[in-house]
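The sequence lines fix the lettering, A, B, ..., with proteins before strands; numbering per chain opens at 1. These numbers were taken from a predicted model, which means no experiment stands behind them.
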There are 2 protein chains.
Amino acid sequence: MALAHTILATLGDEAYSGYDLWKKFSQTKACYWQASQQQIYRELGKLEKEEAIDSEIIAQKGRPAKKIYQITDKGIEKLKNWVLEPAEPMAIREDLLVKVISAHLAPKSVILQEIERHRQIHTQQLSVYKEIEQQNFPDVSKLSYKQKCIYATLRCGIGYESYRISWCDEAISLLSEETSK
Amino acid sequence: MALAHTILATLGDEAYSGYDLWKKFSQTKACYWQASQQQIYRELGKLEKEEAIDSEIIAQKGRPAKKIYQITDKGIEKLKNWVLEPAEPMAIREDLLVKVISAHLAPKSVILQEIERHRQIHTQQLSVYKEIEQQNFPDVSKLSYKQKCIYATLRCGIGYESYRISWCDEAISLLSEETSK
DNA sequence: ATAGTATACTAAACAAATTGAGTATGTCAA
DNA sequence: TTGACATACTCAATTTGTTTAGTATACTAT
């Protein structure tokens with residue numbers, strides 16, 4: 001599965017501790033992979049066992065020591081082989097939509113407010129991505145191939161949040177209408 | 001979790017067997033919930049144990065007998081309570097994007113062809129949804145509230161596939177460009 | 001005849017994800 | 001000095017999802 005590979009890909013650029021990875025995931029990686037702290041620590045343990053990564057303990061002043069991980073040649077090989085395999089599109093499992101098809105069981109305002117709440121969440125996330133875009137990708141024409149790849153994932157996140165916001169607007173408008181039946 | 005609730009919501013309209021539900025899931029439910037046959041059968045077993053649904057075995061001519069399930073009052077109550085709770089936005093875990101950030105490990109054509117393949121998958125799914133839209137929702141103004149809710153989920157699926165196609169186009173264009181660096 | 005496909009369901013092992021409880025250190029503000 | 005928060009990591013239980021392997025009936029095309 002791809003959590004291992006996302007970690008490998010991230011460690012390909014720089015050494016990170018589990019905690020650093022977790023923060024990275026909740027920030028810039030969020031547009032394509034979400035994982036909890038526990039998942040990341042467990043996966044790091046597994047990857048170290050199979051020697052795809054190795055670790056080093058770094059003492060810090062004024063902070064607990066941290067264990068930073070580096071990708072090994074074996075890990076690079078593993079990642080490379082995986083990239084060559086075809087990827088399945090993500091499975092859609094959207095709780096909100098299950099609630100929408102069950103919406104008639106509750107007062108109309110419940111689902112409308114919930115969609116509005118989601119609209120806000122996606123608007124917030126979109127502004128985070130747009131901020132990253134402005135800060136890190138001011139001039140697309142000057143990007144290296146590797147940077148373009150990262151930028152493409154950010155654009156995917158921006159597209160996703162925009163699509164979600166549009167759908168929320170459409171759904172609110174559709175479900176707010178007066179219905180004779 | 002929502003597989004149980006998706007099943008309950010589906011059984012709210014009509015009695016289905018596990019096999020029927022599975023087909024329903026791979027067709028019209030696909031825009032908001034995906035589940036395998038095995039998952040559905042297991043979930044049905046659980047739901048029956050907790051008396052949210054009950055079953056009846058129906059003999060058929062020229063086919064194996066089937067076990068059809070109906071929602072109980074307890075099940076309706078369970079679904080209703082769940083609808084009132086807030087829903088978390090779906091976690092994004094998109095293998096393709098992990099491959100995109102690792103794309104520099106393979107020849108450029110590998111990732112471009114893979115994105116093109118995904119573009120085709122999403123184009124195919126979009127046309128399925130549009131066909132359903134034309135067949136089942138020719139006149140939105142005549143829909144009941146309950147039907148509008150179902151239609152809203154279809155519109156979400158249509159929006160999703162459209163967004164995916166647009167992103168594939170953008171990514172192919174971005175990554176195909178000549179890069180000096 | 002038999003191979004392939006569709007219907008209809010069960011079981012079990014395994015992998016991945018979630019949830020909750022802990023441990024420990026250090027900063028900062030009330 | 002107490003409580004909240006951030007850093008940094010571990011362990012265990014449970015749920016959810018995937019994979020593989022079955023059983024069994026019946027239709028259809030070769």
### Message
Just to be sure I understand the rule, does B:Ala65 reach a base, reach only the sugar-phosphate, or reach nothing, if contact means heavy atoms closer than 4.0 Å?
### Response
sugar-phosphate
### Query
Can you name the residues that form a side-chain contact (heavy atoms from CB on, under 4.5 Å) with B:Glu85, not counting sequence neighbours?
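side-chain contact (heavy atoms from CB on, under 4.5 Å) check on B:Glu85 returns A:Lys99, B:Trp82.
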In whole angstroms, how far is the [atom2] atom of [N] from the [atom1] atom of [X]?
| X | N | atom1 | atom2 | answer |
| --- | --- | --- | --- | --- |
| A:Asp20 | D:dC9 | CG | C1' | 12 Å |
| B:Ile58 | C:dC9 | CD1 | P | 11 Å |
| A:Tyr19 | C:dT23 | OH | P | 19 Å |
| A:Leu47 | C:dA15 | CG | C1' | 14 Å |
| A:His5 | C:dA15 | NE2 | P | 14 Å |
| A:Lys46 | C:dA15 | NZ | P | 8 Å |
| B:Phe25 | D:dT18 | CZ | C1' | 16 Å |
| B:Ile57 | C:dC9 | CD1 | C1' | 10 Å |

#### Entry: Polar pair under 3.5 Å, donor/acceptor by atom type, side chain B:Arg93, base C:dA17
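For B:Arg93, whose side chain was compared with the base of C:dA17, there is no donor-acceptor pair (under 3.5 Å).
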### Query
How about B:Glu170 and B:Ser173: does a side-chain donor come under 3.5 Å of a side-chain acceptor?
no
### Task
Between B:Arg63 and A:Ala35, just flag the one whose closest nucleotide in DNA chain C comes earlier from the 5' side.
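By nearest-heavy-atom nucleotide position, the 5'-most residue is B:Arg63.
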### Query
With nearest nucleotides of DNA chain C determined for A:Ala2 and B:Lys67 from heavy-atom distances, which residue corresponds to the more 5′ nucleotide?
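By nearest-heavy-atom nucleotide position, the 5'-most residue is B:Lys67.
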### Query
For A:Lys108, does the NZ atom sit with more than 12 other heavy atoms under 6.0 Å from it, leaving out its own atoms?
yes
Nearest to the side chain of [X], heavy atoms from C-beta on, is which of [options]?
| X | options | answer |
| --- | --- | --- |
| B:Met1 | D:dT16, D:dT7, C:dA8 | D:dT16 |
| A:Lys66 | C:dA16, D:dA8, D:dG17 | D:dA8 |
| B:Arg42 | C:dT18, C:dA8, D:dT16 | D:dT16 |
| A:Gln39 | C:dT18, D:dT25, D:dC9 | C:dT18 |

What pairs of nitrogen or oxygen atoms, one from the protein and one from nucleotides 19-22 of chain C, lie under 3.5 Å apart?
{"residue": "C:dG20", "atom": "O6", "partner": "A:Gln38", "partner atom": "NE2", "Å": "3.4"}

Enumerate, atom names and distances included, each donor-acceptor pair closer than 3.5 Å involving a side-chain atom of residues 3-14 of chain B, sequence neighbours excluded.
{"residue": "B:His5", "atom": "ND1", "partner": "B:Met1", "partner atom": "O", "Å": "2.7"}
{"residue": "B:Thr6", "atom": "OG1", "partner": "B:Ala2", "partner atom": "O", "Å": "2.6"}
{"residue": "B:Thr10", "atom": "OG1", "partner": "B:Thr6", "partner atom": "O", "Å": "2.7"}
{"residue": "B:Thr10", "atom": "OG1", "partner": "B:Lys29", "partner atom": "NZ", "Å": "3.3"}
{"residue": "B:Asp13", "atom": "OD1", "partner": "B:Lys146", "partner atom": "NZ", "Å": "3.4"}
{"residue": "B:Glu14", "atom": "OE1", "partner": "B:Tyr16", "partner atom": "OH", "Å": "3.4"}

### Task
Inspect the contact between A:Glu177 and B:Lys148 and indicate whether a charged nitrogen and a carboxylate oxygen are less than 4.0 angstrom apart.
yes
#### Entry: Any side-chain heavy-atom pair of A:Asn136 and A:Thr28 under 4.5 Å
no
### Query
What is the bend of the helix from C:dA1-D:dT30 to C:dA30-D:dT1 when you compare the axis at one end with the axis at the other, using five pairs each and rounding to 10°?
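Axis-to-axis angle, ends of the helix: 20°.
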### Query
Is A:Ile150 reachable from A:Tyr32 through a run of I, L, V, M, F, W or Y residues, each pair having side-chain heavy atoms under 4.5 Å apart?
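Linked, A:Tyr32 and A:Ile150 end up in one cluster.
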At under 4.0 Å, does any side-chain N or O of [X] touch on OP1 or OP2 of [N]?
| X | N | answer |
| --- | --- | --- |
| B:Tyr41 | C:dC9 | yes |
| A:Lys23 | D:dT7 | yes |
| B:Ser17 | C:dT7 | no |

### Message
I'd like to know if the side chain of B:Arg93 reaches the main chain of A:Gln34, judged simply by a donor and an acceptor atom lying under 3.5 Å from each other, with no hydrogens or angles considered.
### Response
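Pair found, side chain donor or acceptor close to backbone of A:Gln34.
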### Query
Partners of A:Tyr163 by ring-ring contact (aromatic ring centres under 6.0 Å, His included), sequence neighbours excluded?
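In terms of ring-ring contact (aromatic ring centres under 6.0 Å, His included), with neighbours along the sequence ignored, A:Tyr163 is linked to A:Tyr160, B:Tyr160, B:Tyr163.
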### Message
Can you list, by chain and residue number, the hydrophobic cluster partners of B:Ile68 when the side-chain cut-off is 4.5 Å?
### Response
B:Ile58
